[in-house]
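In each ligand, atom 1 is the first atom listed, and ligand 1 is the first ligand listed.
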Amino acid sequence: MLEKDIERILVTEQEINAISKKLGAQITEDYHDKKPIIIGLLKGCIPFMAELIKHIDIYCEIELMGVQSYHGGTESSGNVKITKDLDVSVEGRHVLIAEDIVDTGRTINVVKNLLKYRGALTVEVVTLLDKPAGRQEDFTPKYIGSTIPKEFVVGFGLDYEEMYRNLPYIGVLKPEVYNK
Ligand code: 5GP
């Protein structure tokens, strides 16, 4: 059903599994004595975070935060809105933000600064995808799954007008989908 709207696949399900394993092992090593809070940014983080945490073998907490930046289209608006705040304090804690994709870097910078302001000891970022060519703020995530070109992608949590998040891979939509 959804596959007919996809022009090509950029990151396969198998590649995402391998990426999650590799990043999970790195995070396990780096955070083994830190009891971090892993904070996923809704809604795009859900499939990636679920896959990633299976491979993180340390004491850690999982939290979610709602952040909106694109408002349904394919271009970043520059406005970042917190739609669901954290239920816990990050004061004195090591925080790892789990994100689906970093594009302009605005969303992650806003969240990072907020968590630091609230007293987090360290704030690092793990992202499934990185689009460095889209960057408008100086930022490099510590853990990157796959670096992709400046293209609008969907699947594995990433949406176009709230659809396609349930695809098991990352793909590029056919141009006609945007003209529907
Ligand atoms: P940034 O603030 O770095 O520009 O954007 C981060 C957010 O924008 C991501 O969490 C995601 O929601 C959205 N975004 C950025 N690039 C893409 C993309 O290629 N596809 C989709 N579906 N969303 C994107």
Side-chain angles (χ1 to χ4, degrees), residues 1-13 15-16 19-20 23 38-53 62-86 95-117 123-180:
M1 172 95 177
L2 296 179
E3 206 168 325
K4 67 171 181 4
D5 294 346
I6 301 298
E7 187 168 80
R8 66 182 203 284
I9 296 177
L10 274 190
V11 190
T12 66
E13 199 174 350
E15 284 169 337
I16 295 172
I19 285 167
S20 305
L23 293 179
I38 303 174
I39 301 178
L41 303 189
L42 293 169
K43 301 169 206 167
C45 74
I46 290 176
F48 174 54
M49 191 166 173
E51 186 58 39
L52 178 72
I53 59 174
I62 307 297
E63 294 291 335
L64 294 165
M65 224 175 145
V67 188
Q68 245 179 23
S69 56
Y70 264 25
H71 309 292
T74 61
E75 289 293 322
S76 181
S77 64
N79 289 326
V80 178
K81 197 166 89 181
I82 308 281
T83 54
K84 182 206 171 296
D85 207 343
L86 288 173
V95 172
L96 180 61
I97 302 171
E99 178 61 306
D100 49 7
I101 189 166
V102 178
D103 181 12
T104 63
R106 286 193 189 115
T107 307
I108 216 69
N109 265 348
V110 167
V111 176
K112 240 187 120 168
N113 290 338
L114 177 67
L115 298 179
K116 277 192 184 155
Y117 172 78
V123 184
E124 297 292 356
V125 174
V126 53
T127 186
L128 174 59
L129 303 173
D130 188 22
K131 260 201 292 197
R135 208 68 99 243
Q136 296 194 15
E137 299 207 5
D138 182 27
F139 174 73
T140 308
K142 178 154 186 198
Y143 306 96
I144 297 169
S146 181
T147 301
I148 62 164
K150 199 171 183 275
E151 270 188 287
F152 187 78
V153 293
V154 295
F156 215 76
L158 290 152
D159 74 306
Y160 172 61
E161 295 190 337
E162 292 303 325
M163 299 292 139
Y164 304 103
R165 293 191 197 273
N166 48 326
L167 275 173
Y169 51 77
I170 302 290
V172 178
L173 285 174
K174 289 180 181 163
E176 58 261 36
V177 175
Y178 301 114
N179 308 321
K180 267 184 191 166

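Heavy-atom distances between K131 and ligand 1 reach below 4.0 Å in at least one pair. Using a 4.0 Å heavy-atom cutoff, F152 is listed among the residues neighbouring ligand 1. At least one heavy atom of G105 sits closer than 4.0 Å to an atom of ligand 1. Using a 4.0 Å heavy-atom cutoff, E151 is listed among the residues neighbouring ligand 1. Contact between V154 and ligand 1 is absent, with no heavy atom of the residue lying under 4.0 Å from the ligand.
The two residues L10 and E15 come nearest to each other via the heavy atoms O-OE1, 4.0 Å. G44 approaches D100 most closely through the heavy-atom pair CA-OD2, 3.2 Å. Considering all non-hydrogen atoms of both residues, M65 and I39 come closest at CB-CG2, 4.0 Å.
Residue D138 places its CG atom among 12 or fewer non-hydrogen atoms of other residues, nucleotides or ligands, all under 6.0 Å distant.
For the pair L129 and F48, the minimum side-chain heavy-atom distance is 4.5 Å or more. Within the 4.5 Å cutoff, side-chain heavy atoms of V11 are placed close to those of I19. Two residues are said to be in side-chain contact when any heavy atoms from C-beta on lie closer than 4.5 Å; E7 and P175 meet this criterion.
Checking each of D103, D130, T140 against R135 for a side chain to side chain donor-acceptor pair (under 3.5 Å) leaves exactly one that passes, namely D130.
Closest heavy-atom approach to atom 6 (C) of ligand 1 among the candidates L10, T107, L129, V102: T107.
Atoms of ligand 1 lying under 4.0 Å from at least one heavy atom of L158, given by number and element, are 21 (C), 22 (N), 23 (N). Near D159, meaning under 4.0 Å from any of its heavy atoms, are these atoms of ligand 1: 21 (C), 22 (N). Every atom of ligand 1 with a heavy atom of T104 under 4.0 Å away is listed here by number and element: 1 (P), 2 (O), 3 (O), 4 (O). Within ligand 1, the atoms closer than 4.0 Å to a non-hydrogen atom of E99 are 10 (O), numbered from 1 in the order shown.
Annotation: D103 places an N or O atom under 3.5 Å from an N or O atom of ligand 1; distance criterion only. Considering both main-chain and side-chain atoms, I108 never comes within under 3.5 Å of ligand 1 through any nitrogen or oxygen pair. Looking at V153 next to ligand 1, an N or O pair under 3.5 Å apart turns up.
Using modelled atom types, no side-chain atom of R8 and backbone atom of G171 make a donor-acceptor pair closer than 3.5 Å.
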